[in-house]
Amino acid sequence: MRHSAVLLVAAGLILAGCSTADSKDIRTSGIKADLRVTVKDHERRADVLATLRAGTLTYVKLGSGESITTAASGASVQLGVNKMLGVTNYSGRLDGDLTAGTEVTFDLQRDGDNESAPHSTVFLPERLQLIAPAVGTTASRSSSITVRIDSAPADQPTTVSWNGQCVQAGEIQLPSGVTIAQIPAGRIRQLAATASPGQRNTNSCTITLTAYRRTTGSLDPAFKEGSIVAEAQSSRNITSIS
């Protein structure tokens with residue numbers, strides 16, 4: 001669901017006229033930083049993402065001599081720049097002993113007399129793995145769906161979300177400590193879509209179920225505003241029918 005939403009938002013930003021500005025023209029105190037760490041299933045690595053903006057539609061591109069680095073458990077990675085659909089951000093992959101409770105640090109280094117922001121931190125949540133329903137399961141929307149999650153005890157609640165071409169996006173939340181739940185019958189709802197010429201409406205499609213939990217960290221005070229979060233997630237595809 002989040003991947004599709006990101007593409008839609010990015011496309012909307014293009015139409016709205018988003019742009020990229022050189023960092024030399026922007027003080028750190030004028031930057032909004034959105035920083036994210038994602039760990040999937042029981043993989044050792046983590047995907048890290050940093051988005052720097054000066055205003056809603058203006059992205060910041062770091063200049064020569066500037067960098068943003070992520071570090072945890074003795075490992076570090078300097079993030080590389082990405083440009084897609086008018087959006088500029090920085091991403092990388094962090095390896096190491098990335099267990100629950102590990103502190104991850106984002107370090108923005110500026111040049112000249114611009115203030116650096118070296119200490120944005122967040123602690124990783126407990127990892128989880130979605131083990132039911134099985135991959136490829138066919139599930140009727142008129143019946144409940146049992147969701148099972150493999151995880152050590154965690155303080156954070158778990159959210160289970162769904163998204164697909166023939167259904168409305170939605171989610172349920174599991175309290176902390178709960179690893180088995182039901183998506184109630186009728187909770188996943190079919191979209192009232194109109195078929196294209198020469199095509200028929202379909203009552204079935206592949207949907208993606210994603211289980212995730214998040215922690216919120218502390219953003220370096222040199223930034224104007226923003227967020228830093230860590231997310232553990234696990235996804236699988238099933239077939240949804242009426």
Side-chain angles (χ1 to χ4, degrees), residues 1-14 16-40 43-98 102-125 212 214-233:
M1 176 174 72
R2 285 186 295 279
H3 178 69
S4 298
V6 167
L7 291 178
L8 289 173
V9 169
L13 289 175
I14 292 174
C18 63
S19 61
T20 296
D22 291 332
S23 61
K24 63 182 177 62
D25 300 321
I26 304 168
R27 293 288 185 180
T28 308
S29 59
I31 293 177
K32 178 182 180 181
D34 290 310
L35 313 174
R36 176 178 291 270
V37 186
T38 304
V39 290
K40 297 178 181 179
E43 294 179 0
R44 289 175 56 83
R45 68 190 185 192
D47 294 321
V48 290
L49 179 69
T51 303
L52 308 176
R53 287 181 289 178
T56 303
L57 300 177
T58 302
Y59 292 84
V60 177
K61 183 180 183 298
L62 298 178
S64 176
E66 298 183 321
S67 64
I68 184 163
T69 301
T70 305
S73 298
S76 65
V77 60
Q78 182 172 314
L79 307 191
V81 64
N82 309 295
K83 293 182 180 180
M84 184 180 71
L85 298 176
V87 175
T88 298
N89 56 34
Y90 292 81
S91 65
R93 223 162 237 180
L94 186 63
D95 294 307
D97 187 21
L98 303 177
T102 297
E103 184 179 48
V104 180
T105 301
F106 285 79
D107 175 5
L108 172 66
Q109 291 296 311
R110 304 292 310 271
D111 68 348
D113 61 353
N114 282 313
E115 183 180 6
S116 294
H119 201 64
S120 297
T121 60
V122 66
F123 292 93
L124 294 180
Y212 65 92
R214 292 175 181 158
T215 52
T216 301
S218 175
L219 194 69
D220 192 292
F223 289 117
K224 177 183 179 180
E225 59 183 341
S227 64
I228 176 169
V229 298
E231 181 174 291
Q233 63 175 237

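Of all heavy-atom pairs between L94 and A71, the closest is CD2-C, 4.2 Å. Residues V60 and T88 come closest through the heavy atom pair O-CG2, 4.2 Å. Across A50 and N89, no two heavy atoms sit closer than the pair O-CB, 3.4 Å. Between F106 and R36 the shortest heavy-atom distance is CZ-O, 3.8 Å. The heavy-atom pair separating L124 from A230 by the smallest distance is CD2-CB, 4.0 Å. Taking both residues in full, the closest heavy atoms of D111 and G65 are given as CB-O, 4.3 Å, listed atom of the first, atom of the second, then distance.
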Carefully, step by step, assess R27 and D113 under the rule salt bridge (charged side-chain N to carboxylate O under 4.0 Å, His left out). CA-CA 9 Å; R27 293 288 185 180; D113 61 353; 3.3 Å; yes

Residues K40, Y212; criterion side-chain contact (heavy atoms from CB on, under 4.5 Å); working and verdict: CA-CA 9 Å; K40 297 178 181 179; Y212 65 92; over 6 Å; no

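At a threshold of 4.5 Å between non-hydrogen side-chain atoms, the residues K24 and E66 do not count as touching. For the pair K224 and I31, the minimum side-chain heavy-atom distance is 4.5 Å or more. The closest side-chain heavy-atom distance from F223 to T28 is below 4.5 Å. Within the 4.5 Å cutoff, side-chain heavy atoms of P118 are placed close to those of D220. Counting heavy atoms from C-beta outward, R44 and L98 have side chains that stay 4.5 Å or more apart. Taking the side chain as every heavy atom from C-beta outward, Q109 and T69 never approach each other to under 4.5 Å. Taking 4.5 Å as the limit, every side-chain heavy atom of V229 sits out of range of all side-chain heavy atoms of E231.
The distance from atom OG of S67 to atom CG of L62, rounded to the nearest 0.5 Å, is 7.5 Å. Note that the OG atom of S116 and the CZ atom of R110 stand 7.5 Å from one another [nearest 0.5 Å]. Here the straight-line distance linking atom OG1 of T70 with atom CG of L79 works out to 4.0 Å at 0.5 Å rounding. Here the OG atom belonging to S23 is positioned 7.0 Å from the CG atom belonging to N114, to the nearest 0.5 angstrom. Atom CZ of R53 sits about 5.0 Å away from atom OH of Y59, to the nearest 0.5 Å. Put simply, CG on L49 and OG1 on T51 are 4.5 Å apart, with the number rounded to the nearest 0.5 Å.
Residues K32 and E225 are not paired through a salt bridge, judged by the lack of any N-O separation under 4.0 Å between the basic side chain and the carboxylate.
Side chains of S227 and D34: a donor-acceptor N/O pair is present below 3.5 angstrom, by distance only.
For the pairing with L35, the side-chain contact (heavy atoms from CB on, under 4.5 Å) check across L108, L219, V104 returns one residue only, L219.
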